[in-house]
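Notes follow the structure.
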Amino acid sequence: MNNNTHIDLSIVVVVIVNYGTPGLTCRAVDSLAHERQFLPNLSLVIVDNCSPDDSLDIIENHLNKNTFKPWATVLKAGKNGGFAYGNNLGFSYAITNSPNKPDFFWMLNPDTYLREQAGLNLVTHLKSIGPAIVGSRLEDADGSVQVSTFNFPTWKSEILSGFCLGFLDRWFSSSRVAKEVTLATEKVDWVAGASLMIPAKVFHAVGPMDEDYFLYFEEVDYCFKIQREGFDCWHLPSSRVVHEVGASTGISDLRKAQPRRPQYWFDSRRRYFLKNQGKLRLLLADTGWIAAYSFWLFRKLLTDREDVKRQPPKLLSDFIRNSCLNPKTYW
């Protein structure tokens, strides 16, 4: 290590939620061990969400073998309560058991690993701007940048995503959820929860994540809640994190053929709209998406059936079943 390299002594607690991905989690731990040369007071809480395999033993053995135990802990959750539940459990453990009060919490996916100083750069940025939250630049292993900055979903964005027409996306770019990939340090609506750092003072002001989300939309909701409380959300490209999209959840990278959407995705989407935008906007979002996607599907069946094959199976029928044909959707 270069003697001129900056070292920050802030108390940083990383929380990783594992479910059946012990190999990925151990790789993430190894990259955090390297990051500790820049953040020597970094500690780690791994929450195992009742994995159906031998994750707990594999991770424990990895920590013991590499003498990571002084700064890394594994917790066995009482249930598989989802991403928000697992992170909240890790936050709570750290607050109660850390010998020194944490300065920052860092949510990190198990299917990630760090480029050098990814964590240090997050801490440095937050110290320079005051209370806020910040997310990393996510990238593929070859360095290709992933979309990791977003606008909040609205009924307009749902219609645009259903149509999937390039010229509409360009005309109404401010209404699209996914923002253009950029290398600018900037304020955004929300960032991907794969690497997200929160100052302890912001966490204590806002409170824990909403555990009624099992998986997906929980970080969108949390960023919305944080900004409603008056804090900004930043994207920091100098914090580079490799993210194997879909490796830990089973839902594929949108650039590839996708599996069928699980029920919890529809449940989370519905909860986000009902909670933050109300019944009318959810109804507009549902009917708008169904009409737009039906148009796209008809057009592609006539012109390019390969595009249809890359879509999640039964997406339209599953969407309809979870929207206007289900009266409970809006209540």
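This is a predicted model, so every value here is computed, not measured. Worth knowing before you read on, the calculation uses all heavy atoms, side chains too, and leaves out hydrogens, waters and symmetry mates.
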| field | L63 vs N61, side chain to side chain contact (heavy atoms under 4.5 Å, CB included): CA-CA, chis, key distance, verdict | value | CA-CA 5 Å; L63 298 184; N61 289 337; over 6 Å; no
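- Cluster membership check: F319 shares its hydrophobic cluster with L297, using side-chain heavy-atom separations under 4.5 Å among Ile, Leu, Val, Met, Phe, Trp and Tyr.
- Grouping the Ile, Leu, Val, Met, Phe, Trp and Tyr side chains by contacts below 4.5 angstrom, directly or via other members, places I58 apart from V47.
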Below 3.5 Å, can you tabulate the donor-acceptor pairs from side chains in residues 84-94 to any protein atom, sequence neighbours excluded?
unit_1: N87; atom_1: ND2; unit_2: F83; atom_2: O; d: 3.0
unit_1: N88; atom_1: OD1; unit_2: M209; atom_2: N; d: 3.0
unit_1: N88; atom_1: ND2; unit_2: A84; atom_2: O; d: 3.4
unit_1: N88; atom_1: ND2; unit_2: M209; atom_2: O; d: 2.9
unit_1: N88; atom_1: ND2; unit_2: E211; atom_2: OE2; d: 3.0

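- Counting only distance, with no hydrogens or angles, the side chain of T73 and the backbone of V45 share no donor-acceptor pair below 3.5 Å.
- Note that the CD1 atom of I46 and the CG atom of L44 stand 4.5 Å from one another [nearest 0.5 Å].
- Side-chain N or O atoms of D304 include one that pairs as donor or acceptor with a backbone N or O of E306 at under 3.5 Å.
- Counting heavy atoms from C-beta on, the side chains of R176 and S157 never come closer than 4.5 Å.
- The residues R115 and E139 are annotated as salt-bridged, a charged nitrogen and a carboxylate oxygen being separated by less than 4.0 angstrom.
- For the side chain to side chain contact (heavy atoms under 4.5 Å, CB included) criterion with S239, the lone passing option out of L122, T124, L114 is L122.
- A donor and an acceptor atom, one from each side chain of D267 and Q263, are located under 3.5 Å apart.
- Residues V242 and V134 fall into different hydrophobic clusters, defined by Ile, Leu, Val, Met, Phe, Trp and Tyr side chains chained together at heavy-atom separations under 4.5 Å.
- Of all heavy-atom pairs between S161 and W289, the closest is OG-CD1, 3.3 Å.
- Here D307 pairs with K300 in a salt bridge; the nearest charged N to carboxylate O distance falls below 4.0 Å.
- A side-chain N or O of S10 and one of K127 form a donor-acceptor pair less than 3.5 Å apart.
- A salt bridge does not link K65 to E60: none of the charged nitrogens lies less than 4.0 Å from a carboxylate oxygen.
- Side-chain N/O atoms of H62 and D30 include a donor and acceptor closer than 3.5 Å.
- Checking side-chain atoms of S136 against main-chain N and O of L138 turns up no donor-acceptor pair under 3.5 Å.
- A continuous path of Ile, Leu, Val, Met, Phe, Trp and Tyr side chains, each step under 4.5 Å between heavy atoms, connects F217 with V147, placing both in one hydrophobic cluster.
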| said: As a quick check of understanding, evaluate side-chain hydrogen bond (donor to acceptor under 3.5 Å, both in side chains) for D111 and T21, giving each step before the final call. | reply: CA-CA 8 Å; D111 55 2; T21 56; over 6 Å; no
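- If you check the side chains of Q227 and D232, you find no donor sitting under 3.5 Å from an acceptor.
- Side-chain rings of F224 and F152 approach one another, their centers coming within less than 6.0 Å.
- A heavy-atom distance below 4.5 Å is not found between the side chains of W190 and T149.
- When only modelled atom types and interatomic distance are considered, D142 and S144 share a side-chain donor-acceptor pair under 3.5 Å.
- With rounding to the nearest 0.5 angstrom, the CD1 atom of I226 is 5.0 Å from the CD1 atom of I198.
- Here the closest non-hydrogen pair linking Y19 and C50 is CE1-O, 3.6 Å.
- Here CD of E218 is found 9.0 Å from OH of Y216. Values are rounded to the nearest 0.5 Å.
- Here the straight-line distance linking atom CD1 of I11 with atom CG of D103 works out to 5.5 Å at 0.5 Å rounding.
- When all heavy atoms of G119 and W106 are compared, the pair lying nearest together is CA-CH2, 3.3 Å.
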| task | Carefully, step by step, assess R137 and L236 under the rule side chain to side chain contact (heavy atoms under 4.5 Å, CB included). | result | CA-CA 6 Å; R137 157 183 161 161; L236 186 68; over 6 Å; no
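- Interatomic distance, NZ of K101 versus NZ of K201, reported as 12.5 Å (0.5 Å rounding).
- With hydrogens and angles left out, the side-chain atoms of W234 and T185 include no donor and acceptor closer than 3.5 Å.
- Side-chain atoms of D221 and N276 form a donor-acceptor pair, as typed in the model, at a separation below 3.5 Å.
- Across A28 and P110, no two heavy atoms sit closer than the pair CB-O, 4.0 Å.
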| said: With side chain to side chain contact (heavy atoms under 4.5 Å, CB included) as the criterion, how do F38 and E116 come out once you've worked through the C-alpha distance, each side chain's angles and the decisive distance to 0.1 Å? | reply: CA-CA 9 Å; F38 311 110; E116 192 163 282; 3.4 Å; yes
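- Annotation for R27: atom CZ counts as buried by contact number, over 12 foreign heavy atoms lying within 6.0 Å.
- By the 6.0 Å contact criterion, NZ on K69 is enclosed, its count of non-hydrogen atoms from other residues, nucleotides or ligands being greater than 12.
- Note: W296 and F163 fail the aromatic proximity criterion, with ring centroids not under 6.0 Å apart.
- Contacts of R269 classified as side chain to side chain donor-acceptor pair (under 3.5 Å), with partners at least two apart in sequence or in another chain: E158, D286.
- The pair K76-D48 fails the salt-bridge criterion, with no side-chain N (NZ, NE, NH1 or NH2) lying under 4.0 Å from an Asp/Glu carboxylate O.
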| task | Dump the intermediate steps for side chain to side chain contact (heavy atoms under 4.5 Å, CB included) on I133 and F231, then the final yes or no. | result | CA-CA 7 Å; I133 61 170; F231 304 106; 5.9 Å; no
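- The heavy-atom pair separating Y213 from S268 by the smallest distance is CE2-O, 3.4 Å.
- Atom OH of Y222 is separated from atom CZ of F203 by 5.0 Å, given to the nearest 0.5 angstrom.
- Taking every heavy atom of both residues into account, T182 and P237 meet most closely at O-CG, 4.5 Å.
- Side chain of Q146 to main chain of H243: a donor-acceptor pair is present (N/O by atom type, distance under 3.5 Å, no hydrogens or angles).
- With sequence neighbours excluded, the residues forming a side chain to side chain donor-acceptor pair (under 3.5 Å) with D212 are R271, listed by chain and number.
- Side-chain contact check for H235 versus S148: some heavy-atom pair is nearer than 4.5 Å.
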| query | Would K275 and D210 satisfy salt bridge (charged side-chain N to carboxylate O under 4.0 Å, His left out), going step by step from the backbone distance to the final call? | reply | CA-CA 11 Å; K275 177 181 177 181; D210 185 346; 2.8 Å; yes
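- Hydrophobic clustering of Ile, Leu, Val, Met, Phe, Trp and Tyr side chains at less than 4.5 Å, counting indirect connections, unites L315 with I320.
- V241 places none of its side-chain heavy atoms less than 4.5 Å from the side chain of Y113.
- For the pair K79/N49, no side-chain contact is recorded, criterion being any heavy-atom separation below 4.5 Å from C-beta on.
- The side-chain heavy atoms of D318 and L316, taken from C-beta on, include no pair separated by under 4.5 Å.
- For the pair L196 and V191, the minimum side-chain heavy-atom distance is below 4.5 Å.
- Crowding of K225 atom NZ: a count of heavy atoms from other residues, nucleotides or ligands under 6.0 Å exceeding 12.
- Residues R260 and P312 form no side-chain contact, since every pair of their non-hydrogen atoms from C-beta on lies 4.5 Å or further apart.
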